[in-house]
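Below: the structure, in structure tokens.
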Amino acid sequence: MTDTRGQQPSSYETYNGPLPGERAGAQQQGGPYHPPQAYGAPAPGGRPGDTAGGQTGAVRRPRTGARTTPRTRKARLRVAKADPWSVMKVSFLLSIALGICTIVAAAVLWMVMDAMGVFSTVGGTISEATGSNESNGFDLQSFLSLPRVLMFTSVIAVIDVVLMTALATLGAFIYNLSAGFVGGVELTLAEDE
């Protein structure tokens with residue numbers, strides 16, 4: 001059997017409509033693509049809200065002078081436990097620093113008082129008050145010499161290091177016990193912008 005209809009065009013060759021994904025009224029060639037507008041164009045000479053079709057609507061305008069305040073993030077945290085070992089290490093180092101500061105401050109204070117003549121004046125007054133015809137009395141300057149003052153201050157600094165370290169570690173244990181009952185100290189932390 002032979003086909004007597006002749007050469008027939010196929011259906012895809014004769015279709016002139018928009019392809020899938022194209023707009024129905026789009027120009028086939030030459031023109032740029034214009035996406036659909038959310039608002040109509042404003043009417044000439046009208047208010048900003050009036051459109052060419054006479055409908056009123058909101059017009060999007062860029063905000064020029066508006067400043068937005070950044071939101072500060074805050075977090076509420078709870079100190080549930082203090083590690084006694086870390087508390088002991090930190091308190092040990094801080095108490096050593098405090099002991100060194102105490103020794104330096106005592107030495108500087110002694111030098112200033114010696115330069116001002118405080119020890120000689122007070123020592124002379126005490127030796128006159130405690131002295132008699134046979135003896136000169138109590139010698140304050142030899143008793144409060146710089147090596148003796150620094151040795152006494154060093155002993156106090158060592159005792160301070162031991163006591164502060166022990167008390168801070170004991171305080172961490174007591175905090176852990178009390179935090180188990182009441183939940184611990186609550187902190188509110190804010191992010192720095």
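One is the number of the first residue; the rest follow in order along the sequence. Just so we're clear, the structure is a prediction, and the values are computed from it rather than from any experiment.
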| task | Salt-bridge test for R76 and E186: reply yes if a basic N is under 4.0 Å from a carboxylate O, no otherwise. | result |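 Looking at E186 together with R76, the answer is yes, because their closest N to O distance falls below 4.0 Å.
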Can you name the nearest heavy-atom pair linking [X] to [Y], along with the distance?
| X | Y | value |
| --- | --- | --- |
| T121 | G117 | OG1-O, 2.8 Å |
| A80 | A179 | O-CB, 3.4 Å |
| V161 | S95 | CG2-O, 3.5 Å |
| A190 | K74 | CB-CG, 4.1 Å |
| A107 | L146 | CA-CD1, 4.4 Å |
| P84 | A172 | CA-CB, 4.0 Å |

Would you compute the distance between atom [atom1] of [X] and atom [atom2] of [Y] and round it to the nearest 0.5 angstrom?
| X | Y | atom1 | atom2 | result |
| --- | --- | --- | --- | --- |
| L150 | S145 | CG | OG | 9.0 Å |
| L177 | K81 | CG | NZ | 11.0 Å |
| I96 | S91 | CD1 | OG | 10.0 Å |
| L93 | L98 | CG | CG | 12.5 Å |

| request: Can you tell me which residue pairs pass the side chain to side chain donor-acceptor pair (under 3.5 Å) test with a partner in residues 147-156, sequence neighbours excluded? | output: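 Checked against side chain to side chain donor-acceptor pair (under 3.5 Å) - neighbours excluded - no pair reaches residues 147-156.
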Answer whether the closest heavy-atom distance between the side chains of [X] and [Y] falls below 4.5 Å.
| X | Y | result |
| --- | --- | --- |
| I159 | V155 | yes |
| I156 | F152 | yes |
| V185 | L187 | yes |
| Y175 | V79 | yes |
| T165 | M88 | yes |

| Do N176 side-chain atoms and A82 backbone N/O form a donor-acceptor pair below 3.5 Å? |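 Present.
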I'd like to know if [Y] and [X] are part of one continuous hydrophobic network [Ile/Leu/Val/Met/Phe/Trp/Tyr, side-chain heavy atoms within less than 4.5 Å].
| X | Y | result |
| --- | --- | --- |
| L94 | I100 | no |
| W110 | M113 | yes |
| I103 | V158 | no |
| L167 | F173 | no |
| V112 | V122 | yes |

